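Accompanying notes for the structure given below.
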2 protein chains.
Amino acid sequence: MTIRQPREGGRARSGGRPTLEEVAARAGVGRGTVSRVINGSPRVSETTRAAVEAAVAELGYVPNTAARALAANRTDAIALVVPEPEGRFFAEPYFSDIIHGVGVALADTEVQLLLTFASKDRERRRLAQYLAAQRVDGVLLVSVHANDPLPDLIDDLHIPAVVSGRRSATEPLASVDTDNFEGARAAIAHLVERGRTRIATITGILDVYGAQRRLDGYRAALSAAGIEEDEALVEPGDFSEEGGRRAMAELLRRRPDLDAVFAASDVMASGARQILREQGRRIPDDVSLVGFDDSAIARHMDPPLTSVRQPIEQMGREMTRLLLAEIAAIDAHRPQTSRLLSREQVVLPTQLVIRSSS
Amino acid sequence: MTIRQPREGGRARSGGRPTLEEVAARAGVGRGTVSRVINGSPRVSETTRAAVEAAVAELGYVPNTAARALAANRTDAIALVVPEPEGRFFAEPYFSDIIHGVGVALADTEVQLLLTFASKDRERRRLAQYLAAQRVDGVLLVSVHANDPLPDLIDDLHIPAVVSGRRSATEPLASVDTDNFEGARAAIAHLVERGRTRIATITGILDVYGAQRRLDGYRAALSAAGIEEDEALVEPGDFSEEGGRRAMAELLRRRPDLDAVFAASDVMASGARQILREQGRRIPDDVSLVGFDDSAIARHMDPPLTSVRQPIEQMGREMTRLLLAEIAAIDAHRPQTSRLLSREQVVLPTQLVIRSSS
DNA sequence: ATCACACCTGGGAGCGCTCCCGCCGTACCT
DNA sequence: AGGTACGGCGGGAGCGCTCCCAGGTGTGAT
């Protein structure tokens with residue numbers, strides 16, 4: 001007969017960290033009780049709780065997340081998935097604000113945020129694997145294009161998810177979006193009020209639903225003002241500065257008499273401004289310029305840019321709130337209960353910030 | 001006698017994902033064999049391997065990371081800890097490049113990168129908890145100040161860690177750094193060569209070791225050139241644009257006759273340039289300007305900025321390489337083996353990129 | 001034909017936790 | 001006094017995996 005040696009508690013790295021059982025022994029209680037204290041269950045007497053807490057403090061006990069995840073089937077982590085290359089991620093203040101909002105919403109929870117990039121196809125596949133391996137309880141998806149298969153894939157995996165910016169009018173996932181239509185409409189109405197009549201627009205990438213909605217708002221406002229549409233005044237951009245320059249040059253070529261430009265992003269407005277300057281147009285005397293996002297660029301532009309503010313940080317907060325709610329809902333569900341997830345669609349208002357460019 | 005119902009496989013969320021056991025049954029082999037195949041062990045016959053792989057594919061099996069982490073005591077994840085507020089993180093191209101390098105080094109591993117911010121004290125504590133909970137196998141620390149307790153804390157936890165930028169000449173942790181001294185020395189030597197003699201410097205935050213080294217290099221180069229030191233030509237900045245402006249103004253006030261400025265970062269150089277312009281100094285005719293980092297700012301400045309390039313992406317790669325090596329080393333160690341971690345110190349060379357500002 | 005040895009393989013034990021069943025004791029009712 | 005709740009608690013079972021031992025099978029040497 002062979003006596004098996006106990007396995008030496010995993011790898012050397014475990015470094016002899018205390019376990020639940022050790023805390024229980026120290027406090028003179030059972031494992032279950034310690035677990036209840038750790039998880040804040042009310043079904044523990046005050047005295048016992050105090051004893052356990054003392055033992056936890058003395059031993060410097062920290063629950064092992066892997067064990068907890070395995071036993072409870074939850075990870076207390078959510079992922080923010082960015083389907084863009086790192087470069088763009090860092091370039092756009094948008095992401096910084098979103099993350100900040102998420103951070104705020106997570107501040108008084110125990111939930112950890114993971115950042116994941118998934119621009120290339122290979123990374124996509126890895127991400128799918130990652131999610132299937134149940135490493136997170138839910139997913140926040142930002143900057144999703146209309147034809148991106150990722151959201152549906154995530155949905156198929158039955159992983160709670162919230163997207164920022166609907167992909168279409170009938171977004172099947174829970175989403176948080178800003179009122180792009182109304183924001184654009186207000187911007188144009190403002191230009192009309194200023195007496196502008198030949199108002200051009202540089203659109204975003206139109207397979208992004210929000211960009212499409214901004215264009216819709218532009219059109220609606222013109223028609224409401226009784227101004228006839230003119231396709232020569234609409235030029236697609238790609239949300240980049242270079243795209244803004246290109247589109248602006250093209251618009252000026254086609255309609256040298258334009259008297260206002262609505263760019264679907266501040267970055268594009270900045271590009272447009274360069275071209276206007278180069279061609280000797282004064283802003284706002286000759287041409288009014290309005291952007292979208294109200295980013296730092298808008299405030300620092302010369303002249304300061306009128307822009308449509310999106311409450312991006314709030315979007316981050318809302319997304320997180322929705323996601324945590326979805327996760328909680330699933331947790332509460334027993335299999336027999338019918339699955340009526342909210343799939344809430346939140347639309348946040350925009351606000352026109354008027355500066356001297358218009 | 002009561003028959004206990006089996007526990008229904010955790011929560012509803014588990015969504016009936018296949019387990020190792022199910023794959024084993026399907027392939028007609030034992031658990032151990034499937035595990036070996038999944039982990040690429042060579043001790044499996046070709047036929048068996050094929051059968052298992054088929055079963056894995058059919059069932060769409062993905063190993064559960066929590067279970068694996070618990071059993072093997074490793075998570076296959078590392079954390080990049082940024083002890084700065086999100087804002088600065090996004091503002092500095094530095095981080096973007098580091099992350100890119102890390103991504104490259106991780107590309108053909110199964111290791112996942114987590115991004116963590118820990119600027120405020122509260123976040124620090126949470127981070128410590130997080131790390132103690134063994135959620136990552138190791139930590140990359142960037143942008144560490146000399147007096148930051150975080151690294152030592154992490155070291156006490158016996159978690160493998162690599163810092164970017166030593167905190168002192170005798171950094172106890174493994175580290176990757178650039179040769180700040182030599183970079184600064186070369187920049188000054190270049191200015192001397194250009195015939196400049198009254199060379200000022202705007203330093204970084206001097207409790208950052210790298211900033212101190214740049215100042216040391218500045219001094220060494222001057223003394224090597226036989227130029228007498230003049231403390232009126234040294235003004236501390238804080239790595240910000242505003243700090244650069246402030247320091248430049250102060251330098252011009254004290255020494256209106258200066259003929260060159262070496263700024264310890266491109267951002268500060270950009271601030272300095274504004275003040276030089278405002279005061280009517282021509283660059284480089286009246287004053288030569290040199291920066292540090294060779295960031296995008298340097299290339300886009302008017303005139304383009306001479307700057308010391310740091311191989312930041314390579315730093316990210318090196319850091320990751322060191323960290324993975326440390327983790328592997330610990331993994332291989334049995335407790336009885338003495339702990340001789342390398343604690344390697346890598347110093348990467350810098351390169352002076354000469355443009356028209358000098 | 002026998003033995004030694006390699007190579008594969010199955011499955012027990014255990015990682016540290018959560019969940020839940022059922023026991024114990026006390027307080028309250030009849 | 002006995003019965004009945006109920007809050008508090010202990011500990012068994014199990015989450016899905018890895019590790020490792022022992023056993024089986026096949027090969028080549030004796």
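All values reported here derive from a predicted model rather than from experimental measurement.
- With sequence neighbours left out, the ring pair (Phe, Tyr, Trp, His ring centres under 6.0 Å) criterion links B:Y130 to no other residue.
- Remark: C1' of D:dG16 and CG of B:N64 are 6 Å apart, rounded to the nearest angstrom.
- Remark: P of C:dT18 and CG of A:D76 are 10 Å apart, rounded to the nearest angstrom.
- Residues from residues 55-63 of chain A with heavy atoms under 4.0 angstrom of DNA chain D: there are none.
- Between A:T33 and D:dC9 there is no side-chain polar atom (N or O) within less than 4.0 angstrom of OP1 or OP2.
- In this entry the distance linking CZ of B:R68 with C1' of C:dG16 reads 18 Å, nearest Å.
- In this structure, the nucleotide among C:dG16, C:dT18, C:dC15 sitting nearest to the side chain of B:A71 is C:dC15.
- With sequence neighbours left out, the ring pair (Phe, Tyr, Trp, His ring centres under 6.0 Å) criterion links A:F117 to A:F89.
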Item to complete: Run the numbers on A:R68 and A:I38 for side-chain contact (heavy atoms from CB on, under 4.5 Å), then give the verdict.
Response: CA-CA 12 Å; A:R68 177 177 274 181; A:I38 299 290; 3.3 Å; yes

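- Nearest to the side chain of A:L70, among D:dG16, C:dG10, C:dC19, sits D:dG16.
- Taking side-chain N and O atoms only, B:S45 has a distance below 4.0 Å to OP1 or OP2 of C:dT9.
- Map A:T47 and A:R31 each onto its nearest nucleotide of DNA chain D; the residue landing nearer the 5' end is A:T47.
- Map B:V29 and B:A67 each onto its nearest nucleotide of DNA chain C; the residue landing nearer the 5' end is B:V29.
- Contacts of residues 35-42 of chain B with DNA chain C (heavy atom under 4.0 Å): B:R36.
- Rounded to whole Å, atom C1' of D:dG11 lies 12 Å from atom CG of A:L20.
- Atom-to-atom, CD of B:E46 to P of C:dC8 comes out at 10 Å; the value is rounded to the nearest Å.
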Worksheet item: Would B:E22 and B:R26 count as a salt bridge (Lys or Arg N to Asp or Glu O under 4.0 Å) if you check the C-alpha gap in whole Å, the side-chain angles of each, and the deciding distance to 0.1 Å?
Response: CA-CA 6 Å; B:E22 286 163 37; B:R26 175 97 180 204; over 6 Å; no

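- Each end of the helix from C:dA1-D:dT30 to C:dT30-D:dA1 gets its own rotation axis from five pairs of C1' atoms, and the angle between them is 50° to the nearest 10 degrees.
- Here the side chains of B:I154 and B:L173 are not in contact, with every heavy-atom distance at 4.5 Å or above.
- Taking atom CD on A:E21 and atom P on D:dG11, their separation rounds to 9 Å, with Å as the unit.
- B:R74 has its CZ atom 17 Å from the P atom of C:dC15, to the nearest Å.
- In this structure, the separation between CG on B:L140 and CD1 on B:I99 is 10.0 Å, given to the nearest 0.5 Å.
- For the pair B:L131/B:V136, a side-chain contact is recorded, criterion being any heavy-atom separation below 4.5 Å from C-beta on.
- Among pairs with a residue in residues 104-113 of chain B, none fulfils side-chain hydrogen bond (donor to acceptor under 3.5 Å, both in side chains), at least two apart in sequence or across chains.
- Looking at B:S164 and B:E318, their side chains never come closer than 4.5 Å, going by heavy atoms from C-beta outward.
- B:R43 comes within 4.0 angstrom of a base, heavy atoms only.
- Nucleic acid contact for B:T48: sugar-phosphate only, since backbone atoms but no base atoms lie under 4.0 Å from a heavy atom of the residue.
- One can place CD of A:E110 at 13 Å from P of C:dT18, the figure rounded to the nearest angstrom.
- Ionic pairing of A:D152 and A:R167 is present here: one or more N-O contacts between side-chain nitrogen and carboxylate oxygen are shorter than 4.0 angstrom.
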